[in-house]
2 protein chains.
Amino acid sequence: MSSAAPPASTGYARGRATREEILEAAVQLFGEVGYRTASLREIASRVGISHPGLLHHFPSKAALLEAVLARRDEVDSIALQADLDAGHSLGEAFARVVERNVARPGIVELFVSLSAEATSAGHPAHAYFRRRYAEVLATVRRDFEQLRDRGVLRPDVDPATAARQLVAVLDGLQVQWLLEEGLPPAERVDMPAAVRAFSASLMVG
Amino acid sequence: MSSAAPPASTGYARGRATREEILEAAVQLFGEVGYRTASLREIASRVGISHPGLLHHFPSKAALLEAVLARRDEVDSIALQADLDAGHSLGEAFARVVERNVARPGIVELFVSLSAEATSAGHPAHAYFRRRYAEVLATVRRDFEQLRDRGVLRPDVDPATAARQLVAVLDGLQVQWLLEEGLPPAERVDMPAAVRAFSASLMVG
DNA sequence: GTCTATAGACTGATAGAC
DNA sequence: GTCTATCAGTCTATAGAC
């Protein structure tokens with residue numbers, strides 16, 4: 001992917017760098033104040049350009065949001081797949097996603113803010129989040145069905161319900177964790193531990 | 001409460017009615033687009049007055065938000081206490097809160113939107129939600145501790161962790177439920193059932 | 001690729017009439 | 001208690017120079 005050589009004299013390489021910087025600043029600000037409240041001027045100023053300069057890279061605010069979401073999907077799915085390929089269970093792979101997120105609070109803020117905002121029908125990311133949740137829930141449910149067939153899942157646990165509960169625990173803990181910012185670590189929720197505890201509580205033994 | 005007779009000629013009764021209408025419209029709009037994006041003009045127009053007219057009842061936008069939250073706290077805690085007094089367990093009382101909320105989607109939207117928005121430190125409801133979550137988590141944890149002492153809680157369940165998981169499930173399911181608006185009811189998450197299933201999974205037997 | 005300038009619309013809040 | 005008018009600020013997006 002990164003092997004395509006940039007043209008020599010067009011400023012292409014610099015352009016790519018700025019695009020990346022813009023995306024990172026957008027992730028941060030969308031996380032801090034949500035998509036609707038975030039302004040292009042603020043994002044632009046954080047990377048040292050004017051807001052028409054930003055609009056040269058992304059033709060509109062909604063296009064910038066789409067690019068942010070597409071980039072997160074790419075990064076997340078690569079890391080998740082790597083964990084699965086390394087032989088980890090889906091539950092453990094999820095816990096590892098959470099572990100990485102704890103080290104990058106901006107990402108957690110981004111998804112908490114955007115998923116809440118996007119519940120309203122007119123939001124530019126509404127369709128994205130509907131699709132995303134449907135996919136994730138289906139994936140987790142299928143995984144639990146396999147565990148049930150192998151006798152690993154507790155027999156009184158319904159795979160579809162458990163999938164919804166696991167995803168809900170993930171989302172809900174993020175809100176608690178963000179609201180506990182600044183508390184001593186001992187009082188703050190240990191998200192990876194809580195996710196692992198929940199996963200374990202669904203299994204036999 | 002409602003037995004205090006309004007003065008005869010001051011327009012007091014009408015004023016109270018307008019105040020109530022404003023609060024209801026604010027709940028709706030804050031839920032639809034969040035606090036920051038909601039405009040006083042839009043709320044005012046929904047109750048048929050101008051925005052300076054609204055500001056006569058609530059001196060600022062933040063004051064309106066505070067009033068909205070205070071009113072929800074009052075309504076919710078009265079209903080919750082009534083369920084507890086009627087002999088229901090805290091888990092069951094929670095499930096009943098969810099049942100009522102399913103019939104009033106605006107309330108669910110309000111809390112999903114606001115709690116996400118308020119995770120950022122500068123938000124006018126930040127302190128409110130920090131306090132609220134700390135209180136709710138402590139209450140649920142104490143309840144689980146009592147259940148453990150009575151041998152009702154599964155012995156491998158930690159009360160503090162379970163409290164966090166229950167509150168997280170509640171919050172997370174709301175996001176899923178809102179994103180599934182418009183789907184056939186069979187495909188939409190059954191929030192009360194999922195909450196009851198989770199509560200039950202924590203108990204022995 | 002980035003800028004200044006600007007259009008056109010919206011915001012919360014205030015002043016002051018009735 | 002509600003209004004009109006207005007202030008000073010913000011927003012996204014576009015036009016056009018360099």
Side-chain angles (χ1 to χ4, degrees), chain A residues 6-26 28-30 32-68 113-114 117 120 122-125, chain B residues 6-26 28-30 32-69 113-114 117-118 120 122-125:
Chain A
S9 57
T10 59
Y12 173 90
R14 167 67 189 148
R16 292 283 293 197
T18 300
R19 229 188 105 92
E20 211 53 32
E21 287 166 35
I22 292 170
L23 282 173
E24 228 158 274
Q28 271 210 336
L29 192 62
F30 288 164
E32 285 171 30
V33 301
Y35 167 75
R36 284 195 254 232
T37 310
S39 81
L40 297 181
R41 276 179 175 81
E42 174 66 20
I43 297 169
S45 98
R46 288 187 182 192
V47 298
I49 62 174
S50 67
H51 87 273
L54 187 157
L55 287 169
H56 169 78
H57 296 274
F58 303 94
S60 74
K61 193 184 180 185
L64 175 58
L65 174 59
E66 272 178 50
V68 163
S113 296
L114 286 187
E117 233 186 313
S120 86
H123 195 279
Chain B
S9 57
T10 59
Y12 174 91
R14 168 69 189 147
R16 291 286 290 200
T18 299
R19 228 188 107 92
E20 212 53 32
E21 287 166 35
I22 292 170
L23 283 174
E24 228 158 274
Q28 269 211 335
L29 192 62
F30 287 165
E32 286 170 29
V33 301
Y35 167 74
R36 283 196 256 230
T37 310
S39 82
L40 297 180
R41 280 175 174 82
E42 173 66 20
I43 297 169
S45 97
R46 288 188 183 192
V47 297
I49 63 174
S50 67
H51 88 275
L54 187 159
L55 287 169
H56 169 77
H57 296 275
F58 303 93
S60 73
K61 193 185 180 185
L64 174 58
L65 175 60
E66 272 179 50
V68 162
L69 294 175
S113 296
L114 286 188
E117 232 185 315
S120 88
H123 195 278

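Order of the sequence lines fixes the chain letters, A, B, ..., with proteins taken first and strands second; residue numbering starts at 1 for each chain.
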Student: When you measure from the side chain of B:Ile49, which nucleotide among C:dT2, D:dC3, D:dA13 comes out closest?
Tutor: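 The closest nucleotide is D:dC3.
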Student: Just to be sure I understand the rule, does A:Ala38 reach a base, reach only the sugar-phosphate, or reach nothing, if contact means heavy atoms closer than 4.0 Å?
Tutor: sugar-phosphate
Student: Report the distance from atom CD of A:Glu42 to atom C1' of D:dG9, rounded to the nearest whole Å.
Tutor: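 Interatomic distance, CD of A:Glu42 to C1' of D:dG9: 16 Å.
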Student: If every non-hydrogen atom of A:Glu117 is compared with every non-hydrogen atom of A:Tyr35, which pair is closest and at what distance?
Tutor: OE1-N, 2.7 Å
Student: Mind calculating the distance between CG (A:Leu54) and C1' (C:dT2) to the nearest angstrom?
Tutor: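 A:Leu54 atom CG is separated from C:dT2 atom C1' by 12 Å.
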Student: Specify the separation, in whole Å, of atom CZ of B:Arg41 and atom P of D:dT10.
Tutor: 16 Å
Student: From C:dG12, D:dA13, D:dC3, pick the nucleotide closest to the side chain of B:Ser50?
Tutor: D:dC3
Student: Mind checking if B:Leu55 touches a base, just sugar-phosphate, or nothing, with heavy atoms under 4.0 Å?
Tutor: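 Since a base atom lies under 4.0 Å of B:Leu55, the category is base.
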Student: Could you pull out the closest heavy-atom pair between B:Arg46 and B:Ala25, with the gap in Å?
Tutor: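 The answer is CB-CB, 4.3 Å.
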Student: Is any side-chain heavy atom of A:His57 closer than 4.5 Å to a side-chain heavy atom of A:Leu23?
Tutor: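 The answer is no; the side chains never approach within 4.5 Å.
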Student: Side chain of A:His57 only, heavy atoms from C-beta on: which candidate in C:dA5, D:dC3, C:dT2 is closest?
Tutor: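 Taking heavy atoms from C-beta onward, the closest nucleotide is C:dT2.
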Student: Could you state the atom-to-atom distance from CZ of A:Arg19 to C1' of C:dG1 in whole Å?
Tutor: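 So the CZ-C1' distance, A:Arg19 to C:dG1, works out to 14 Å.
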Student: Given D:dA13, D:dA5, C:dG12, which nucleotide is nearest the side-chain atoms of B:Pro52?
Tutor: D:dA5
Student: Should A:Thr18 be listed as having a side-chain N or O under 4.0 Å from OP1 or OP2 of C:dT2?
Tutor: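 A:Thr18 to C:dT2 OP1/OP2: side-chain N or O found under 4.0 Å.
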Student: If you check every side-chain atom of A:Ser60, which of D:dA13, D:dT2, D:dC11 has the closest atom?
Tutor: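 Comparing D:dA13, D:dT2, D:dC11 against the side chain of A:Ser60, the answer is D:dA13.
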Student: I need the CD1-P distance between B:Ile43 and C:dC10, as an integer number of Å.
Tutor: 16 Å
Student: Between C:dG12 atom P and B:Leu29 atom CG, what is the distance in whole Å?
Tutor: 10 Å
Student: Decide side chain to side chain contact (heavy atoms under 4.5 Å, CB included) for A:Phe58 and A:Leu65; before the verdict, give the C-alpha distance in whole Å, the side-chain angles of both, and the deciding distance to 0.1 Å.
Tutor: CA-CA 9 Å; A:Phe58 303 94; A:Leu65 174 59; over 6 Å; no
Student: How close or far is atom P of C:dT11 from atom CG of B:Leu64, stated in whole angstroms?
Tutor: 15 Å
Student: In terms of side-chain heavy atoms of B:His56, which of D:dG1, C:dA13, C:dT2 is nearest?
Tutor: D:dG1
Student: What's the CZ-P distance between A:Phe58 and C:dG1, to the nearest Å?
Tutor: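 Atom-to-atom, A:Phe58 to C:dG1, this comes out as 13 Å.
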Student: Sort out for me which residue in B:Ile22, B:Leu54, B:Leu29 forms a side chain to side chain contact (heavy atoms under 4.5 Å, CB included) with B:Leu40.
Tutor: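 Exactly one candidate clears the test, B:Leu54.
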